[in-house]
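Below is one structure, written out as structure tokens; the observations come after it.
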There are 2 protein chains.
Amino acid sequence: MPKLDLTTEEKILKAAEAIFLRDGYDGSRMQDIADEAGINKALLHYYFRSKDKLFEHVFDLKIGTFFPKADGVFDLDIDFTDKIGLIIEGYINLLRENPYLPLFVLNTVNNPEKSDFIKKLPIGLMQKIALNYFVELQKGKVRSINPMQFVMSIMGMCVFPFLAQPILMDAFGADKKAFDVLMEQRIEELKLYVKLILTP
Amino acid sequence: MPKLDLTTEEKILKAAEAIFLRDGYDGSRMQDIADEAGINKALLHYYFRSKDKLFEHVFDLKIGTFFPKADGVFDLDIDFTDKIGLIIEGYINLLRENPYLPLFVLNTVNNPEKSDFIKKLPIGLMQKIALNYFVELQKGKVRSINPMQFVMSIMGMCVFPFLAQPILMDAFGADKKAFDVLMEQRIEELKLYVKLILTP
DNA sequence: ATTTAGTTTAACCATTTGGTTAAACTTGAC
DNA sequence: GTCAAGTTTAACCAAATGGTTAAACTAAAT
């Protein structure tokens with residue numbers, strides 16, 4: 001059961017996350033974050049000395065959810081195709097709970113002033129997928145395609161709908177609920193795509 | 001052959017595009033745009049009365065390149081699969097020339113203060129693809145999948161690499177040149193994916 | 001020669017913004 | 001009771017920023 005009373009530090013981080021993700025770094029105001037947290041600006045600076053420091057804290061806290069956690073997947077005794085399926089399922093469900101995170105992260109790493117943050121990204125999963133794909137390829141169990149292209153395709157198909165959500169909702173005449181249903185169905189849809197693409 | 005001397009208005013729009021796409025709306029400074037255009041701030045306001053007006057001009061000019069122009073494609077006497085292939089080819093080549101545009105557009109439509117701009121988007125192509133897919137489905141020529149899911153997948157696979165370019169270059173150890181080669185190869189790769197996914 | 005649009009210079013303005021400070025107040029730990 | 005950390009209040013500061021203004025200058029059109 002969730003804690004009822006957040007500490008002030010937690011309230012600040014939660015508020016900062018909401019504002020930074022909604023308005024971006026440049027668009028966010030320290031006063032707005034203080035208001036959202038229900039405290040005053042002086043206390044905000046008492047906890048996090050500057051906007052940059054606060055932003056970095058938020059980024060560090062959320063960065064783990066830009067890629068899905070799939071550490072155990074590759075140890076399972078199932079087909080490679082099914083492993084990818086599990087990753088997709090975990091990823092889309094993660095994104096359904098953090099729909100604004102991809103744009104936040106992409107903006108950060110594309111921001112000339114923040115591009116060092118790219119070093120914080122856990123890119124291990126991408127490389128792991130490419131590596132495991134290569135092993136399967138040696139065994140002749142998957143179609144011969146470029147592993148990098150494959151990784152980009154999987155990620156793109158998972159992430160893009162959340163980036164373009166307002167456009168897609170407009171184009172498809174869908175509301176938030178309908179969009180979420182579409183994302184739920186998307187899990188099985190993408191599993192099918194993967195099977196079709198990978199099966200030699 | 002390109003005009004040698006741009007008019008002042010053209011110089012301003014070109015400079016504004018460069019700054020807005022690099023720094024985002026909130027991160028852009030009118031002074032930076034004036035400097036980039038080689039003029040002064042007074043003249044900048046003489047041509048475009050406000051930052052908002054200038055931004056809207058840039059957005060209107062570039063919005064056409066967020067989706068590829070593929071008007072004639074659906075009138076061609078070729079397979080649906082090949083029509084999609086042509087769209088993909090046109091789209092990726094368009095993005096190779098406008099790599100920063102997707103993030104710019106996605107930020108704009110996700111910005112609470114600019115969300116009306118969504119109405120400016122030419123979403124016709126998305127609907128046209130879904131519609132034409134539906135016709136093919138009736139004829140039993142394509143696998144039965146959700147047209148909306150298909151459209152999202154195509155767009156995601158085309159656009160995502162350009163959004164995540166810094167991340168991908170880091171993860172794959174690629175430089176700009178290698179990345180562009182990867183995008184060139186991606187055209188044929190995605191054509192293959194589409195054939196595999198659509199063929200019943 | 002005069003007009004006119006385009007352009008520069010440079011100062012100016014009001015507002016916003018990140019950040020600071022100092023004093024007073026609260027509250028739980030010791 | 002005392003102490004210290006946490007918190008509020010409210011004023012303050014310096015810098016940045018979008019935007020304005022007025023006067024002077026340039027060059028092409030009339």
Side-chain angles (χ1 to χ4, degrees), chain A residues 3-62 104 107-108 111-117, chain B residues 3-62 104 107-108 111-117:
Chain A
K3 223 188 323 177
L4 287 180
D5 306 307
L6 300 176
T7 67
T8 301
E9 189 173 341
E10 288 168 333
K11 279 194 291 183
I12 292 175
L13 285 170
K14 194 181 158 196
E17 180 191 323
I19 302 297
F20 278 139
L21 262 66
R22 188 190 66 194
D23 298 337
Y25 179 82
D26 289 317
S28 294
R29 303 288 155 247
M30 293 297 270
Q31 187 61 60
D32 290 344
I33 295 173
D35 292 346
E36 177 87 11
I39 58 163
N40 50 48
K41 209 174 47 159
L43 192 58
L44 187 56
H45 279 91
Y46 176 79
Y47 274 87
F48 300 90
R49 270 184 300 191
S50 71
K51 187 182 181 182
D52 277 289
K53 288 231 168 56
L54 178 55
F55 180 83
E56 193 160 357
H57 269 88
V58 172
F59 188 87
D60 289 344
L61 273 180
K62 300 302 292 182
F104 173 76
N107 273 323
T108 305
N111 181 339
E113 287 172 18
K114 298 244 175 298
S115 53
D116 333 345
F117 280 50
Chain B
K3 223 186 325 176
L4 287 180
D5 306 308
L6 299 176
T7 66
T8 301
E9 189 173 341
E10 289 168 332
K11 278 194 291 183
I12 291 175
L13 286 170
K14 194 181 160 197
E17 180 190 324
I19 302 297
F20 278 139
L21 263 65
R22 188 190 66 192
D23 297 337
Y25 179 82
D26 289 318
S28 295
R29 304 287 154 244
M30 292 298 270
Q31 187 62 60
D32 290 343
I33 294 173
D35 292 346
E36 177 87 13
I39 59 162
N40 51 46
K41 210 172 48 156
L43 192 58
L44 186 56
H45 280 90
Y46 177 80
Y47 274 86
F48 299 89
R49 270 185 297 191
S50 70
K51 188 181 180 182
D52 278 288
K53 288 231 169 53
L54 178 55
F55 180 83
E56 193 161 356
H57 269 88
V58 172
F59 188 87
D60 289 345
L61 273 180
K62 300 301 291 181
F104 174 75
N107 272 322
T108 305
N111 181 339
E113 286 172 20
K114 298 244 176 302
S115 53
D116 335 345
F117 281 50

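Each chain gets a letter, A, B and so on, in the order its sequence line appears, and its residues count up from 1. The figures here come from the full heavy-atom set of this structure, side chains too, leaving out hydrogens, waters and symmetry mates.
- The separation between Ile33(B) atom CD1 and dT17(D) atom P is 12 Å, rounded to whole Å.
- Looking only at distances, no side-chain donor or acceptor of Lys114(B) sits under 3.5 Å from a matching main-chain atom of Asn107(B).
- The OG1 atom of Thr108(B) lies 11.5 Å from the CG atom of Asp116(B); values are rounded to the nearest 0.5 Å.
- If you measure from atom CG of Leu44(B) to atom C1' of dG19(D), you get 11 Å, rounded to the nearest angstrom.
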I'd like to compare against my own output: the B/S/- annotation of nucleotides 25-30 of chain C with a strict under-4.0 Å heavy-atom distance to protein.
------
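- The distance between atom CG of Asp26(B) and atom C1' of dG18(C), rounded to the nearest whole Å, is 15 Å.
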One character per nucleotide, please: for nucleotides 7-16 of chain D, 5' to 3', B when the base has a protein heavy atom closer than 4.0 Å, S when only the sugar-phosphate does, - otherwise.
BBBB------
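- Residues Glu36(B) and Asp32(B) form no side-chain contact, since every pair of their non-hydrogen atoms from C-beta on lies 4.5 Å or further apart.
- Taking the six-membered ring where tryptophan is involved, the planes of Phe55(A) and Phe117(A) are tilted, since the angle between them lies from 30° to 60°.
- For the pair Lys51(B) and Tyr25(B), the cation-pi criterion (under 6.0 Å, within 45° of the ring axis) is fulfilled.
- Following rounding to the nearest Å, Ile19(B) (CD1) and dG18(D) (P) show an atom-to-atom distance of 12 Å.
- The interatomic distance linking Met30(B) (CE) with dT20(D) (C1') rounds to 13 Å, in whole Å.
- Between Phe104(B) and Phe20(B), the distance from one ring center to the other does not fall under 6.0 angstrom.
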Criterion side chain to side chain contact (heavy atoms under 4.5 Å, CB included) on Met30(A) and Leu44(A), from CA distance to verdict
CA-CA 8 Å; Met30(A) 293 297 270; Leu44(A) 187 56; 4.0 Å; yes
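- Not a single ring pair (Phe, Tyr, Trp, His ring centres under 6.0 Å) links His45(B) to another residue, sequence neighbours left out.
- Taking atom OH on Tyr25(A) and atom P on dG18(C), their separation rounds to 8 Å, with Å as the unit.
- One atom, CG of Asp23(B), and another, C1' of dT17(D), lie 15 Å apart when rounded to the nearest Å.
- Summarising the geometry, the separation between NE2 on His45(B) and P on dA22(D) is reported as 16 Å, rounded to the nearest angstrom.
- To the nearest 0.5 Å, the span separating OG1 on Thr7(B) from NZ on Lys14(B) amounts to 11.5 Å.
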